[in-house]
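Quick note: numbers below take in every heavy atom, side chains included, and nothing from hydrogens, waters or symmetry partners.
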Amino acid sequence: MRSNSKPHEDLVHEISHGSTDENFASLIAGIADRIEGARLNPVKISDLVSILREDTTKLYKAVMRKG
């Protein structure tokens, strides 16, 4: 998938500032926040899965970006 939805872009923005370690920590925290916010709602969980699978290359590049 490569539609680059608003939720996907929001996650990329959250994780694209700082060192690689900070970006990875931000990615994990962002995923945890979204899981917690879904509160076992199957539709929200499905949306999260879609966001994470949408453009994995873009997420990877955002995490690996330096400062």
Side-chain angles (χ1 to χ4, degrees):
M1 274 186 240
R2 287 186 168 243
S3 64
N4 294 324
S5 66
K6 172 91 169 90
H8 184 270
E9 290 299 320
D10 290 347
L11 183 59
V12 168
H13 180 71
E14 285 177 34
I15 64 172
S16 61
H17 308 290
S19 70
T20 302
D21 291 343
E22 292 168 335
N23 292 348
F24 185 74
S26 293
L27 175 62
I28 298 303
I31 292 168
D33 290 347
R34 285 162 176 80
I35 290 169
E36 184 177 54
R39 303 203 185 271
L40 300 178
N41 178 322
V43 173
K44 290 182 179 181
I45 296 291
S46 177
D47 289 347
L48 174 59
V49 169
S50 294
I51 289 166
L52 295 174
R53 290 184 176 158
E54 189 169 311
D55 189 344
T56 55
T57 301
K58 193 168 189 174
L59 286 174
Y60 169 79
K61 287 180 179 177
V63 167
M64 297 308 291
R65 190 173 298 137
K66 301 283 184 184

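Taking Asp10 as the reference, Lys6 meet the salt bridge (charged side-chain N to carboxylate O under 4.0 Å, His left out) condition, with sequence neighbours excluded. Glu9 pairs by the salt bridge (charged side-chain N to carboxylate O under 4.0 Å, His left out) definition with Lys58, not counting sequence neighbours.
Closest non-hydrogen pair, Thr56 versus Leu52, comes out as CG2-O, 3.5 Å.
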Donor-acceptor list for residues 24-40 side chains, cut-off 3.5 Å, not counting sequence neighbours:
{"from": "Ser26", "atom 1": "OG", "to": "Glu22", "atom 2": "O", "distance (Å)": "3.0"}
{"from": "Arg34", "atom 1": "NH1", "to": "Glu14", "atom 2": "OE1", "distance (Å)": "3.4"}
{"from": "Arg34", "atom 1": "NH1", "to": "Gly30", "atom 2": "O", "distance (Å)": "3.0"}
{"from": "Arg34", "atom 1": "NH2", "to": "Glu14", "atom 2": "OE2", "distance (Å)": "2.6"}

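Inter-residue side-chain proximity for Met64 and Asn23 is flagged as unmet; no heavy-atom pair is nearer than 4.5 Å. Taking the side chain as every heavy atom from C-beta outward, Thr20 and Arg65 never approach each other to under 4.5 Å.
From Leu59, atom CG reaches atom CG of Leu11 across 5.5 Å, with rounding to the nearest 0.5 Å. In this structure, the separation between CD1 on Ile15 and NZ on Lys61 is 13.0 Å, given to the nearest 0.5 Å.
Checking side-chain atoms of Ser16 against main-chain N and O of Val12 turns up a donor-acceptor pair under 3.5 Å.
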